[in-house]
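Structure first, then comments.
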Amino acid sequence: MTTAPTIGPATLTDPETHATSDPHALWTWMRAHAPVHWHPATDLPAFWSLTRHADIRAVYRDTSTFSSARGVLLRPAKAGDDPGGGLTLALTDAPRHKQLRVLIADWFNTRAVRALEGYVRSATRAVLDRTTGTPGCDFATDVAGRLSLSVISHILGVPDEDHEDLYRWTNEAFEAHSSLVAHPDIVGYFMELLYRRMEKPAGDLLSALVHGTVDGELLTEEEAVLNCENLIGATENGRLALIGGMKAFLDHPDQWQRLRDDRSLLPSAIEEILRWTSSATHSMRVAVRPCEIRGRRIEAGDRVVLWLPSANRDEAMFIDPYRFDVSRSPNRHIALAAGEHFCIGSTLARAEMRILFSELLDSMNAIEPVGPARALRSIAVNGPESLPVRMTAG
Ligand code: HEM
């Protein structure tokens, strides 16, 4: 692309850009003409934008130069530093990050996810049973939202009878675009469950957070609750990948038919959904020492923002990047980040996609839109927040 797009780099920080216009036209232009771009301060602090796959991957992997501890998302300057800074898995640097990750990783590794597959499958069938035969449903909330929340709740150790409450509270928080820690019911609920697990551990992740140690010390109550909140918040990405994947198939029915005809394409289809949807819109890092990227000097203390959907459409990495192709190979997307902070929920997210889409292929004769999809207004995550569909079993 040689002509400048109608919107400029400054609009990247406006949630409206991501909801109603096409940031890809802008990112394509930035990759070609301004791959390391300085944004002066507005209500957000000043930052550098990176849009090329190679640069973004390099920053993710260089954890000795780029810190996560001051936050991994852009926040208005007046909001101050992220309350999870230095406390939650995503917002901790080495060496503490590694120890915290070891504590949590057992619940998300390949073996754990394999053991969980029966639960994911029955949760999937339960959400689909509630929606089939109805004149329509919202795939975003009724299918993907319910499914991803019940799976993470199960892992954390939330009793089944409380899933509905948690589902309602997290929906309220997501709809208000507010953090889960700002929702008093969620914090109150986890504090109470945490005290129950202190007295009587169960074999769940919350018990591990309460009884496990980092540097020989137990986590504080605040750390345990913030990590629960962080894990639930992180599943919003998984939910958006499920919804975005469904929307991609509705927009490209030929690709749904290819998958129907040849199920061996499912693994590559999942990677393509991850690349195509890139539901995490950005990650932020703060440089802890001066460095250079493509000849631009980054000072210690500078914020660097990595635009993931841009990396995943980079023509230097992908052939025909704007084509949704369920057989794409190779597919070196970085939707799940790279390096030490590589998404801990990646195996789980892939399993949820594999199970949901194979259940849909097995049990649904037709899936059709019954209203317009509505995109999220956010600069942190992207995808449809509403996707009305009618599903006909057969
Ligand atoms: C398709 C779905 C998903 C996408 C696209 C995604 C994306 C990402 C990205 C980009 C990061 C790096 C953030 C950063 O360091 O700046 C990350 C980290 C993380 N993700 Fe995911 N994620 C997904 C699903 C999940 C799920 C289902 C969970 C479940 C718990 C999860 C939990 C986490 C956690 C805890 C981290 C922090 C890891 C660390 O810092 O060591 N994610 N994810």
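Start at 1 and go down the list; that is how both ligands and their atoms are numbered. Since the structure is predicted, the reported quantities are computational estimates derived from the model, not experimental observations. All values below were derived from every heavy atom in this structure, side-chain atoms included, with hydrogens, water molecules and symmetry-related copies excluded.
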[X] contact mode with ligand 1 (heavy-atom cut-off under 4.0 Å):
X: Val72; answer: side chain
X: His97; answer: side chain
X: Ala241; answer: side chain
X: Leu274; answer: side chain
X: Leu308; answer: side chain
X: Met284; answer: neither

Could you tell me which atoms of ligand 1, counted from 1 in the order shown, lie closer than 4.0 angstrom to a heavy atom of [X]?
X: Ala335; answer: 5 (C), 7 (C), 10 (C)
X: Leu231; answer: 30 (C), 35 (C)
X: Arg101; answer: 38 (C), 39 (C), 41 (O)
X: Ser279; answer: 5 (C)

Mark yes or no for whether [X], through its side chain, and [Y], through its backbone, hold a donor-acceptor pair below 3.5 Å.
X: His18; Y: Leu12; value: yes
X: Thr92; Y: His97; value: no
X: Tyr167; Y: Thr141; value: yes

Just to confirm my output: which protein heavy-atom neighbour is closest to [atom], and how far is it?
atom: atom 3 (C) of ligand 1; value: Asn237 CB, 3.4 Å
atom: atom 37 (C) of ligand 1; value: Ala90 CB, 3.8 Å
atom: atom 32 (C) of ligand 1; value: Ala234 CB, 3.3 Å
atom: atom 40 (O) of ligand 1; value: His341 ND1, 2.5 Å
atom: atom 15 (O) of ligand 1; value: Arg285 NH2, 2.8 Å
atom: atom 26 (C) of ligand 1; value: Gly345 CA, 3.8 Å
atom: atom 35 (C) of ligand 1; value: Ile344 CG2, 3.4 Å
atom: atom 11 (C) of ligand 1; value: Ala337 CB, 3.9 Å

Looking at [Y] and [X], is any side-chain nitrogen of the basic one under 4.0 Å from a carboxylate oxygen of the acidic one?
X: Glu315; Y: Arg31; result: yes
X: Asp204; Y: Arg197; result: yes
X: Arg258; Y: Glu272; result: no
X: Arg297; Y: Asp302; result: no

Can you see whether [X] engages [Y] through a side-chain donor-acceptor pair at a distance of less than 3.5 angstrom?
X: Asn312; Y: Ser310; answer: no
X: Asp138; Y: Ser386; answer: yes
X: Ser278; Y: His333; answer: no

Give the table of side-chain donor-acceptor pairs shorter than 3.5 Å for residues 368-381, with sequence neighbours excluded, one pair per line with atom names and distance.
from   : atom 1 : to     : atom 2 : distance (Å)
Glu368 : OE2    : Arg390 : NE     : 3.3
Arg374 : NE     : Glu385 : OE2    : 3.1
Arg377 : NE     : Glu16  : OE1    : 2.5
Arg377 : NH2    : Glu16  : OE1    : 2.9
Ser378 : OG     : Ala380 : N      : 2.9
Ser378 : OG     : Val381 : N      : 3.2
Ser378 : OG     : Val381 : O      : 3.4

**Report entry** Gap separating the CD1 atom of Ile232 from the OG atom of Ser153, nearest 0.5 angstrom
**Finding:** 5.5 Å

Query raised in the report: So, does Glu352 sit close enough to ligand 1 that a heavy atom of it is under 4.0 Å from the ligand?
Result: no

**Report entry** Closest to atom 8 (C) of ligand 1 among Ser148, Cys343, Ala338, Ser283 (heavy-atom distance)
**Finding:** Cys343

Query raised in the report: So which of Thr277, Leu156, Ile232, Thr235 gets nearest to atom 29 (C) of ligand 1, if we judge by its closest heavy atom?
Result: Thr235

Query raised in the report: Can you check side chain to side chain contact (heavy atoms under 4.5 Å, CB included) on Leu231 and Trp107, steps first, answer last?
Result: CA-CA 11 Å; Leu231 286 163; Trp107 270 263; over 6 Å; no

Which atom pairs, one a donor and one an acceptor, fall under 3.5 Å between side chains of residues 112-121 and the rest of the protein, sequence neighbours left out?
from   : atom 1 : to     : atom 2 : distance (Å)
Glu117 : OE2    : Arg354 : NH2    : 2.7
Arg121 : NH1    : Glu359 : OE2    : 2.8

Query raised in the report: Does Tyr60 reach ligand 1 with a nitrogen or oxygen that is under 3.5 Å from one of the ligand's nitrogen or oxygen atoms?
Result: no

Requested in this report: Answer yes or no: does an N/O atom from Ser68 fall short of 3.5 Å to an N/O atom of ligand 1?
Outcome: no

